[in-house]
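Note sheet for the following structure.
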Amino acid sequence: MRKATLFLMLFIMLAFLAACNGKETASDSEKSTESGENIKIKFAHSAVETNSRHEAALKFKSLVEEKSNNQITVEVFPNEVLGSEPQMVEGVAFNDIQMVAASTYAQYEPKVDVFGLPFLFETNEQAWEALDGPIGQEVFSGLLDDNLRVLGHFENGFRHVTNNVRPIEKVEDLEGLKIRTPEMPILVSIFEALGSNPTPMAFGELYMALQQGTVDGQENPISNIHASKFYEVQDYLSLTGHSYSATTVAISDEFWNTLSPEQQKIVQSSLTEASKFHRNLVMEEEEKLLAELEEGGMKVNRPDIASFREASKDVYVEYEDTYGKDLIDSILEEQK
């Protein structure tokens with residue numbers, strides 16, 4: 001009887017010690033996360049390695065690793081290697097990827113595409129003020145419900161049309177052309193209004209589609225056109241500036257909440273610095289890139305955009321229910 005009692009007491013003590021060790025292990029794990037040890041960020045985007053957006057992503061990586069003394073490391077995945085933009089955004093929403101830089105999040109919050117309305121902004125600075133200010137913060141905060149926390153915006157810029165058929169001098173020149181757009185409803189609507197045949201397609205498929213004549217043309221900011229060497233497969237570049245496009249950077253909110261306040265500060269400040277770096281880089285490079293596109297064989301023209309404005313004005317009415325008339329009016333009012 002005494003032996004049985006001793007064995008029972010020994011069993012209880014061992015069980016107690018095992019439980020304590022388990023708690024210590026869990027505590028150590030939490031401390032490890034809070035201290036920043038072995039924290040890895042997968043950062044995905046769609047641009048090719050020669051694009052300035054990839055430079056901005058690498059700048060972010062460098063800043064984070066320097067500020068955290070390599071306690072936080074960033075692995076950058078360019079060129080849609082982790083999927084198309086909607087797939088990458090979904091990956092962050094499900095916390096399979098930690099961060100993404102993408103041109104649209106409309107699959108989760110349609111209002112975020114309001115900044116792409118036709119001819120909404122006249123300058124990059126106007127767009128930045130709207131994105132970074134109270135209006136932008138309010139619009140993008142809606143993504144938190146889907147585990148997407150927006151940290152800032154890389155530059156993409158004003159979008160222009162390239163094609164292989166003719167220079168686009170007036171809106172009628174777009175009639176019937178098959179133009180690739182991103183998978184963004186607002187851009188599809190713009191090109192329908194302009195009389196073309198918009199064809200949504202993943203960016204990674206675009207070069208071959210242009211090369212094979214699957215589409216007549218496409219629309220993108222100058223930096224994307226240059227970095228992807230579209231001058232090799234497109235004859236004409238028309239500077240329509242029909243829509244402004246940012247590249248919004250979001251992080252998994254679930255992942256964000258595993259970081260300590262100090263680590264969050266490092267990630268946020270690094271993204272803010274990288275965004276400023278990218279905006280300045282794109283602005284400084286634009287004229288140089290245009291010259292290089294012409295040297296590569298592209299014929300560049302600057303159309304009178306009055307006819308394009310007139311043809312696309314009904315897009316505002318079409319999207320009043322989606323974005324809200326008050327939101328659209330507040331952005332327009334801010335431009336005055």
Side-chain angles (χ1 to χ4, degrees), residues 85-86 89-90 93 102-161 170-171 174 179 181-200 219-221 240-250 253 275 279 303-336:
E85 282 204 348
V89 170
E90 185 177 83
S103 56
T104 182
Y105 296 76
Q107 68 206 87
Y108 293 105
E109 174 50 83
K111 287 184 179 180
V112 300
D113 281 352
V114 66
F115 303 103
L117 281 166
F119 305 102
L120 180 60
F121 303 112
E122 293 185 3
T123 67
N124 297 74
E125 288 79 8
Q126 286 179 341
W128 300 342
E129 184 176 350
L131 287 164
D132 298 341
I135 292 175
Q137 291 169 18
E138 178 185 347
V139 169
F140 287 100
S141 67
L143 291 168
L144 274 172
D145 292 340
D146 293 291
N147 194 44
L148 295 160
R149 174 180 290 272
V150 170
L151 299 181
H153 310 276
F154 286 170
E155 181 66 334
N156 207 355
F158 287 98
R159 306 181 75 89
H160 308 287
V161 179
K170 54 189 182 303
V171 71
L174 277 168
I179 303 293
T181 68
E183 299 168 271
M184 293 175 64
I186 184 65
L187 286 170
V188 172
S189 294
I190 289 172
F191 277 87
E192 286 176 343
L194 296 178
S196 72
N197 181 11
T199 307
E219 53 82 59
N220 253 298
T240 52
H242 51 271
S243 177
Y244 175 83
S245 177
T247 301
T248 297
V249 181
D253 194 50
S275 297
R279 287 172 172 177
D304 181 350
I305 62 171
S307 63
F308 296 84
R309 284 183 183 274
E310 180 64 24
S312 61
K313 66 181 183 181
D314 287 344
V315 175
Y316 282 75
V317 178
E318 179 185 347
Y319 279 85
E320 277 184 1
D321 289 341
T322 302
Y323 302 151
K325 189 175 186 303
D326 289 345
L327 175 60
I328 295 171
D329 288 345
S330 64
I331 297 173
L332 290 170
E333 183 65 28
E334 195 175 63
Q335 310 313 311
K336 295 179 181 178

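Keep in mind that what you see is a predicted model, and the values were worked out from it rather than measured.
For the pair R149 and L144, the minimum side-chain heavy-atom distance is below 4.5 Å. Here the side chains of S243 and L187 are in contact, with some heavy-atom distance below 4.5 Å. Looking at heavy atoms from C-beta onward, T199 lies out of side-chain contact with F191 at the 4.5 angstrom threshold. Using a 4.5 Å heavy-atom cutoff, the side chains of D145 and Y108 are not in contact. Side-chain contact between V161 and H242 is present, with at least one heavy-atom pair separated by less than 4.5 Å.
Checked by atom type, the side-chain pair E85/T104 shows no donor-acceptor distance below 3.5 Å. A donor-acceptor contact closer than 3.5 angstrom links the side chains of R159 and S245. Of the N and O atoms on the side chains of S189 and Y319, at least one donor lies less than 3.5 Å from an acceptor on the other residue.
In terms of heavy atoms, S275 sits closest to F154 at OG-CD2, 3.5 Å. The shortest heavy-atom contact between P182 and P200 is O-CB, 4.0 Å. The two residues N156 and P221 come nearest to each other via the heavy atoms O-CB, 3.0 Å. Taking both residues in full, the closest heavy atoms of V112 and V139 are given as CA-CG1, 3.7 Å, listed atom of the first, atom of the second, then distance. Nearest heavy-atom pair, V171 versus A311, reported as atom, atom and distance to 0.1 Å: CG2-CB, 3.9 Å. What you find for V114 and I328 is that their closest heavy atoms are CG2-CG1, 4.1 Å.
Ring geometry for H153 versus F140: interplanar angle of 30 to 60°, hence tilted. Ring pair F121/Y244 is perpendicular by interplanar angle, where above 60° counts as perpendicular and below 30° as parallel.
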Could you walk me through whether R279 and N124 satisfy the side-chain contact (heavy atoms from CB on, under 4.5 Å) test, starting with their C-alpha distance in whole Å, then the side-chain angles of each, then the deciding distance to 0.1 Å, before giving a yes or no? CA-CA 9 Å; R279 287 172 172 177; N124 297 74; over 6 Å; no
Under the side-chain contact (heavy atoms from CB on, under 4.5 Å) rule, what do F119 and K313 come out as? Steps first, then yes or no, please. CA-CA 9 Å; F119 305 102; K313 66 181 183 181; over 6 Å; no
Go through the steps for L117 and Y323 under the test side-chain contact (heavy atoms from CB on, under 4.5 Å), then give the verdict. CA-CA 10 Å; L117 281 166; Y323 302 151; 4.0 Å; yes
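The CG atom of D326 lies 9.5 Å from the CD atom of E320; values are rounded to the nearest 0.5 Å. To the nearest 0.5 Å, atoms OG (S312) and CD (E192) are separated by 13.0 Å. Atom OH of Y316 is separated from atom CG of L332 by 5.5 Å, given to the nearest 0.5 angstrom. The OG1 atom of T240 lies 7.5 Å from the CG atom of L174; values are rounded to the nearest 0.5 Å. To the nearest 0.5 angstrom, E129 atom CD is 8.5 Å from I135 atom CD1.
The number of heavy-atom neighbours closer than 6.0 Å to CD of Q335, taken from other residues, nucleotides and ligands shown, is above 12. Atom CD of E334 is surrounded by more than 12 heavy atoms from other residues, nucleotides or ligands within 6.0 Å.
A donor-acceptor distance shorter than 3.5 angstrom exists from the side chain of Q107 to the backbone of P86, with no hydrogens or angles considered. Here the side chain of D146 pairs no donor or acceptor atom with the backbone of L148 at under 3.5 angstrom. The backbone N or O of A93 lies less than 3.5 Å from a partner atom in the side chain of N147, making a donor-acceptor pair.
Under the ring pair (Phe, Tyr, Trp, His ring centres under 6.0 Å) criterion, H160 pairs with no residue, sequence neighbours left out.
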